[in-house]
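Okay, structure first, notes after.
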Amino acid sequence: TTMYCRHDVSSIDFGVQLTNTFFERQIVLENKGRRPQQLKWTNRTVAEENDIRAKKTKKLKDKQGVTAKIPKNLSPVEPTYTVSPEEITLRPRTATTFTFRGHSTTPKNVNEVFILESKVGKDKYMKQIIEAEVRCQIVNPLLEFSRDSISYLYSWKKGEEPTIQRCDVNLKNASATSLTFLLKSEIPFNLSSWEHTLAPGQDVDITVDFDPGYRDDRVSHVVEKHLTINYRGHPQRDSILLRGEVIFPNLKFDMDTIHFGCVLNDTVKSLKLKASNSCKIDVNYEWVFLENQQVAKKKTRGGVSSTQQLPASQIFDILPVRSMLQPLEHEDVEFSMFGNSNSKFNGHVVCVVEGGPEYKFPISGEASTVAFSLNKSVLDFGKVLISEKGDEELILTNSGKVGFNFEISACQSSGTELFEIIPNVGKVSAGQNTKVVIRIRPGLPALLCEFIQVSVGHFDPVKIACYCQGIMPSAVVLLPRQKKIGPFGEVEGDIHGLWEAFMGKVLTNLTVPNLSLLPPVMAPDPAMGTTALPPQFSPLALPPVPPFQDDDDDGNGKDENDKGKSYEDDRSVGDEVSLAGSSINTRALPQLTIEVEMQRLALCHHLSRLIAEKSNIGGNTLNGNSLVDSIDLNASRDSLGTKTNLLSSSSVLEGAGSISSAQPQLAG
């Protein structure tokens, strides 16, 4: 061949190269002939390997079909080396430069053979003129570190200031090629040098400094950074862990504010703050108030309001004010506030730790009066069936700035089962109100007047009267009555005298009712109270309206279904009732009203006797409510005819008469 090269091109050795980097080598070929030559480079190693893989792939597809998945080991090989230009026509007496380039992402030894073919002038075929073997050892950059991590420890000591700590680390080039690298770190770590170039086997010492006082907040912490090694021209990154632990006297608290809220005047409230030693050394601390903090206290003299300034130390107390905690130890710090009358405080208290930080806490509190009010002074349940329940609502309002607890209960033991109070205890926050449901179940067909008491905070209990008319379903029969048997079924004794006494009680109940069992026409003002003034609750003694009046249809004691009837109609049912030796005028009372009252007294007598019998048998005290729950009134009504002379037609009624429609009647 007339192609000429000054260097031996049969072997091109790149030596040792780094992964992920591009390396190249140039050769110059000169055409010393008289005719032009067409030159072409071919990577024979890659071409032969790809031919083998192509044949295996074809066999696989012939066996498994065209859609067969090609495994990765049969995919075409990508060459490690390339040459440019791959093909060129070189004229006589001219030269050209060919560049061989290499690149690999993985470390390995690679040998590839390149063939240069030439066609001179008008030749039909290419002829091989040069065979070049390209080889290279590709490796990763490798630095050996004398240590994988560097740790620093600073612990506070009294009288000693934080100083910079130093530590050396040795870096050695363990690669077969020279390495150039950059070093990088972050605060609080510092390096003695930043860039180095090391030949194979060469090493260098690097000094790493640590400044424990870089933050200047005296808070214990651990900082972790890295000493990073960046290789020039290579993406690989290596690092050494840098760890610094700084220990100052520190505390941890379970609250970040001290808020007492509003307390009652001239009382003391305490709060507990948990302090824990969170570090590895002993902690000495003390509490101080910030200077120039004062409490504004309002005073009133002769109607003129004035403001008095008090130091915070006279309002708040801290126990302990000084203390020492060992590692992992904790204790409760008690803060107490004395509620000076109508005073308010907003300020800060500081926990000063020796050698450590200062912890600042907002502290606030207020002292005021307790004030409450009720929306009702009397609870009137009206007419309630003896087997049913009646509800009334009582609203308790906190009109002050201090929350209080309340309790509502019956004044007497008899009212324990008579009332159901929901809820009977609770707490009312400042400016809030609570709705309490008072539920009553009469149990007996009678007028009831019971008292409940409302206890608010440390105030004296307030009594509230509860009025109720127990009513019963009844059918009244106006017939001549058998006088040989007593009103309650007595068969012995002075039967006539028993009837006289019974009728006297009936007429007395109707004409001269017990006014204390009737609700007042005008209720007194609801109860209210404040610690600034005595509680205000003075019920008015107003006389109630009698239940029967000839000139007032609303007070005749009849049910709404009887509004169409007059007392004259009622008196036409039977004769006038007379009572010998009595000054009571019975002509104003209709016979139907008298019969209803007689029936009510008989039922009350019967229920009371059943209560006494069951109390003796069971050993427990019963009332009308528990009686209604434990017995069947229908069954009792059957037995009532055999024991009384009022409700049974077989023992009481004689001859013919008229019967009024069955309807609930007033108990009184």
Side-chain angles (χ1 to χ4, degrees), residues 1-55 75-141 173 175-180 197-202 231-235:
T1 179
T2 58
M3 298 300 300
Y4 170 76
C5 182
R6 294 182 181 180
H7 305 284
D8 183 13
V9 294
S10 61
S11 177
I12 301 175
D13 190 356
F14 284 97
V16 180
Q17 299 292 335
L18 295 178
T19 57
N20 294 289
T21 60
F22 291 90
F23 47 90
E24 63 182 33
R25 180 75 57 83
Q26 293 180 345
I27 63 173
V28 178
L29 292 180
E30 182 181 357
N31 183 4
K32 290 185 176 291
R34 297 179 180 180
R35 292 181 297 176
Q37 293 191 36
Q38 184 179 354
L39 304 177
K40 181 179 180 182
W41 286 98
T42 302
N43 192 329
R44 188 175 66 183
T45 303
V46 174
E48 291 176 354
E49 179 66 24
N50 285 338
D51 289 341
I52 295 173
R53 295 191 178 192
K55 292 178 181 180
S75 299
V77 177
E78 293 293 334
T80 303
Y81 309 107
T82 59
V83 60
S84 63
E86 290 185 1
E87 188 173 354
I88 191 172
T89 300
L90 194 61
R91 291 179 297 175
R93 306 292 181 177
T94 60
T96 186
T97 300
F98 292 96
T99 303
F100 287 84
R101 292 186 177 88
H103 176 267
S104 176
T105 58
T106 59
K108 57 186 177 180
N109 293 329
V110 184
N111 294 339
E112 294 180 0
V113 177
F114 282 81
I115 302 298
L116 177 62
E117 296 176 321
S118 173
K119 186 171 67 172
V120 180
K122 297 181 180 180
D123 294 345
K124 295 182 179 181
Y125 302 103
M126 303 286 290
K127 295 181 181 180
Q128 176 180 332
I129 59 174
I130 296 178
E131 179 178 326
E133 181 182 7
V134 183
R135 65 172 65 93
C136 181
Q137 181 184 359
I138 302 175
V139 297
N140 284 326
N173 183 5
S175 304
T177 183
S178 298
L179 295 179
T180 301
T197 299
L198 297 180
Q202 189 178 0
Y231 299 95
R232 187 178 295 276
H234 195 276

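Owing to the predicted nature of the structure, the values given are computational and were not obtained by experimental measurement.
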- request: Working to the nearest 0.5 Å, report the span between NZ of K40 and CD of E86.
  value: 8.5 Å
- request: Given side chain to side chain contact (heavy atoms under 4.5 Å, CB included), test L18 with L179 step by step and report yes or no.
  value: CA-CA 9 Å; L18 295 178; L179 295 179; 4.0 Å; yes
message: If you count heavy atoms of other groups shown closer than 6.0 angstrom to CZ of R91, is the number above 12?
response: no
- prompt: T80 side chain to G102 main-chain N or O, any donor-acceptor pair under 3.5 Å?
  reply: no
- request: Kindly compute the distance separating OG (S104) from CD (E78), expressed to the nearest 0.5 Å.
  value: 12.0 Å
task: Spell out, as yes or no, whether a donor-acceptor pair under 3.5 Å connects the side chain of Y81 to the backbone of N43.
output: no
task: Would you indicate whether the side-chain heavy atoms of E30 and V28 approach each other to under 4.5 Å?
output: no
message: Is there a side chain to side chain contact (heavy atoms under 4.5 Å, CB included) between R53 and V77? Walk through the geometry before answering.
response: CA-CA 9 Å; R53 295 191 178 192; V77 177; 3.3 Å; yes
- prompt: About how many Å separate CG of L29 and CD1 of I129, when rounded to the nearest 0.5 Å?
  reply: 7.5 Å
query: Which atom pair, heavy atoms only, marks the closest approach of T177 to N173?
result: O-ND2, 3.0 Å
message: Please give me the minimum heavy-atom distance between M126 and E117, naming the atom from each residue.
response: CE-O, 3.5 Å
query: Looking just at side-chain N and O atoms, do Q26 and T97 make a donor-acceptor pair shorter than 3.5 Å?
result: no
Rounded distance (nearest 0.5 Å) linking atom CZ of R25 with atom NE2 of H7: 9.5 Å
field: Minimum-distance pair of heavy atoms, taken over all atoms of C136 and Q17
entry: SG-CG, 3.5 Å
- request: Check the pair T82, H103 against side-chain hydrogen bond (donor to acceptor under 3.5 Å, both in side chains), reporting the backbone distance first and the verdict last.
  value: CA-CA 9 Å; T82 59; H103 176 267; over 6 Å; no
field: Partners meeting side-chain contact (heavy atoms from CB on, under 4.5 Å) with Q202 (sequence neighbours left out)
entry: L198, A199
- prompt: Given M3 and L116, is the side chain to side chain contact (heavy atoms under 4.5 Å, CB included) satisfied, shown in steps?
  reply: CA-CA 11 Å; M3 298 300 300; L116 177 62; 5.7 Å; no
statement: Between P92 and G33 the two heavy atoms that sit nearest each other are CB-O, 3.2 Å
- prompt: Could you give the distance from CG (N31) to CD (Q37), rounded to the nearest 0.5 Å?
  reply: 4.5 Å
- prompt: Can you name the residues that form a side chain to side chain donor-acceptor pair (under 3.5 Å) with E133, not counting sequence neighbours?
  reply: R135
side-chain hydrogen bond (donor to acceptor under 3.5 Å, both in side chains) partner of H234, the single match among T180, T21, T19: T19
- request: List the atom of P107, the atom of N140, and the distance in Å for their closest heavy-atom pair.
  value: CG-ND2, 3.7 Å
- request: Give the intermediate values and the outcome of side chain to side chain contact (heavy atoms under 4.5 Å, CB included) for residues V139 and V16.
  value: CA-CA 7 Å; V139 297; V16 180; 3.6 Å; yes
message: What's the separation between atom CD1 in I88 and atom CD in Q38, rounded to the nearest 0.5 Å?
response: 10.5 Å
field: Pair listing, ring pair (Phe, Tyr, Trp, His ring centres under 6.0 Å) test, anchored in residues 26-50, at least two apart
entry: W41-F98, W41-F100
